[in-house]
Structure formats: C-alpha cells, structure tokens
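Atoms within each ligand, like the ligands themselves, are counted from 1 in listed order.
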Amino acid sequence: MPLLVMKFGGTSVADLARIKNAAGKVKREVERGYDVIVIVSAMSGKTNELVGWVEGTSPLYDAREYDAVVSSGENVTAGLMALTLQEMDVPARSWQGWQVPIQTTSAHAAARFVDIPRANIDAKFAEGFKVAVVAGFQGVSPEGRITTLGRGGSDTTAVAFAAAFAAERCDIYTDVDGVYTTDPRITSKARKLDRIAFEEMLELASLGAKVLQTRSVELAMRYKVRLRVLSSFEDTDENSGTLVCDEDEIMESKVVSGVAYSRDEAKMTLVRVEDRPGIAAAIFGPLADAGVNVDMIVQNISETDAPGDKRAYTDMTFSCPTNQVVRARKAIEAARDEGKFVYADLVTDSDVAKLSVVGIGMRSHAGVAARMFSALAAENVNIKVITTSEIKISVLIDRKYMELAVQALHDAFELEKA
Ligand code: ASP
Ligand code: MG
C-alpha cells in the first residue's frame, strides 16, 4: 500500500468540528487507496495552558513531570481523531509515543529522535486498520519516561514518520495555504510558491517564517522527505499548497525565492578590544556558554593606537535576539572581569531588524547583493551589518524601516511574478 503522512496543527484540530473536517481529509486519502499515518498537535492553546499549569505549580519544575503534563494535549487529540474516523467508518487506531514506541534521547523538553520502529504500526495496518493516529511532539526516553521535542515539535514528528515509513509525501495541514515569497501582512504582492527547495525553506524557517519547525525541515532535507504545506480550511487536492522538495524537482528557479525578516534583533559592539589571536574565542565562548544565540558577526579592520602603543585594536559587532541582550551583556562583563579581554565600551542597539533574501539561484548568478543594496539605497535605508552565505544575503537595518525595506526588496526582485 502506498502510504501518506498527514499532520494537523493546533488550529486545524481546535474543536470537534475542525477535527471532523480534518478527518474528512484523511478519509478521502484512504478512499484514494492510501494507508495514512496522521500526526496531531494539541488543540490550539492547549499546550500553552498546560505549560502555564506546570509553571503555576512548580516554578523550578522537574522536566520529567513537565513532559508528562505537556505531552497530554496531543493524547487527547489523537484519541478524538481516531474516534471521529471510526464514526466515519474508517478503521483507525490512536498511538501515544510510548506505544509505537517513538524512542528519543532523555533531553526532556528538547528530546531528539533515536528510532521509530515500524513493527507495531505495520502489524495494525496488516490487520486491516487504515489509519494510525499518532500523538505528535512526544516520545519515550531510554529510561522509559515520556519526553517532548520542543515547541512546534509535531512537524518534526510528522517528517520523522514519513522517513521511517518511506511515505510518498508528508502533508502538513495548517492555517495558511502555503509558503509565501514574503509575509502577506507586509505586502499584498506576496505570492504563494508552488515549490521551494529544502535549503531555501530551511533559511526561511530559521529566519522567522514560522510555518514549519526548523528541525522538521532539516530532517526532511536529510531524508529527502517531500513535504507539502497546505491549508486545512480549504478544499485541497494534489496540487494545493507549497511543495518543499529537492532542488532537482524545481525546474526553473528564480534567483531569489523569498524575502524573510526577523523583527526582534539587537546589535552589540565591543568597542576597541585588543586584536590578538584568541580574542574571538574569548568573547564568543562565554556567550555560547550563556546560551546566547549569536547570529551575525563582524570584526572591523584593526588599528594600532597611539604612538608608543604597539597593540592593535578592533571593534567586534554581533547580533542576537533582543530578549538575550541582558544575558549577553552579563556574560561579556563577567568574562572581562575575569581578565579574558578588555574593551573601551559595550554599545547595544536594540532597535534593529534583520532582512534576508534567499534563493538557490544565487549560486549561479552574480549581482544579487548589488541589486539588494541599490533597492535599499533608493529608499534611503541605511545598512548596519551585512552577511552572506551561498544562498542568502542578510542585512541589519533600523527596525522602523523594516516593512518598507521588505516591500522594496520584494519589488526589486520581482517576486510577485511567477
Ligand atoms: N503542541 C505542541 C506545541 O504547541 C507541539 C506542536 O503543536 O507542534 O508546541
Ligand atoms: Mg506549528
């Protein structure tokens, strides 16, 4: 039997009517001849509520019990989905993580998959069941405790099952109808993409296009799982939504596929640190230890200072999420107090946003950066930091210009045109 994985996010199973709607989509695939593994999230808002209950009970909670509580939202949906399918005469059975068993590491609240043995679910399909409804977001540790995968983890459960069961495709049903060239709330010219390459999606996912959990895209890329993002609120067919796939499956790609942004960035500069071997390690080691997610890093040319001082100095700039500025400052000041380095000043600019243009076509086309910079210049937007990779160019700009800049770049790369 060909097999499909269908994943329904929280808004798609928010109440009984929506579960019924989702079950209807599952039934249709069964009627087309597929065995189906359905991965469900908790009903929308449920996981937040459960997290709140844990924190309200025990501020410094035991992570094992956090997982025991927080995983329960998906169990409810899995059972309800199986019942709904049965009411529609579709033979379905629900599965909690430990019943499969979905084996993960013991990193509670941030567990990773170790193995998904097929035997139990395959045996049920062999008995004549058509659908296995699996609770997303959870697994079981080597110690036999329930684990969860980190917020948004049901996407990753879905891709992992698609890989383990060699599914024809993994359909991610959500509340948007696909992946767009940019955020449609920022420009009405944003266009839904029919296809996007794994690598592009990875950049867009990690840049804040919150459609898919980043890890799910990494996993899909590694195992070449064809992933489709589509709306559970519309009538859909094989061509709906956006297919996230290998670049070989994309016939003609534009140089730039999308413009992503991340609003809450901060830029920090260590002014006049001594420029010597080991200085970057001395700064970024403590930041990493403090759990600061450093993104862009720029080091200035170094200057020797006053006559008589043979030492060289430089400015070191990096970006991180705005809500990590305090933590970053503490880590740097502590390292300075321990004598790891000295600097003249530590300057923070918390009002910046990051903009990126992404596209696999950049590998074979020159001039993308120049086009991006001219488009920003034409709008008088000042660029504060620039970084590039093979398929991405990112800049930091003042946050107040973010919308304007996204629109300008969308126009400059003619993304409204297919
Ligand atoms: N319910 C979990 C969360 O809200 C997992 C998921 O929906 O992907 O993070
Ligand atoms: Mg999600």
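Residue contact check: R151 has heavy atoms under 4.0 Å from atoms 3 (C), 4 (O), 9 (O) of ligand 1. With ligand atoms numbered from 1 in the order given, ligand 1 contributes 2 (C), 5 (C) to contacts under 4.0 Å with heavy atoms of F137. Using a 4.0 Å cut-off to heavy atoms of S154, the atoms of ligand 1 that qualify are 5 (C), 6 (C), 7 (O), 8 (O). Close approach of ligand 1 to S41 is summarised as follows: ligand atoms under 4.0 Å from at least one heavy atom of the residue are 6 (C), 7 (O), 8 (O).
At a 4.0 Å heavy-atom cut-off, ligand 1 does not touch Q213 at all.
E87 has no carboxylate O lying under 4.0 Å from a charged side-chain N of K27, or vice versa, which leaves the two without a salt bridge.
Other residues, nucleotides and ligands contribute over 12 non-hydrogen atoms within 6.0 Å of the CZ atom of R169. Within a 6.0 Å radius of OH in Y401, other residues, nucleotides and ligands contribute 12 heavy atoms or fewer. Crowding of K20 atom NZ: a count of heavy atoms from other residues, nucleotides or ligands under 6.0 Å not exceeding 12. Around the CG atom of D337, the shell of radius 6.0 Å holds more than 12 heavy atoms that belong to other residues, nucleotides or ligands.
Look at G136 and you'll find every heavy atom at least 4.0 Å from all atoms of ligand 1. Put simply, no part of G10 is less than 4.0 Å from ligand 1, judged by heavy atoms.
Note: no N/O pair closer than 3.5 Å links K7 and ligand 1 by distance alone.
Annotation: side chain to side chain contact (heavy atoms under 4.5 Å, CB included) contacts of T11 (sequence neighbours excluded): R18, S44, D175, F233.
Contact between V357 and V256 at its shortest, heavy atoms only, is CB-CG1, 4.0 Å.
What sits closest to atom 2 (C) of ligand 1 on the protein, heavy atoms only, is E74 OE2, 3.4 Å.
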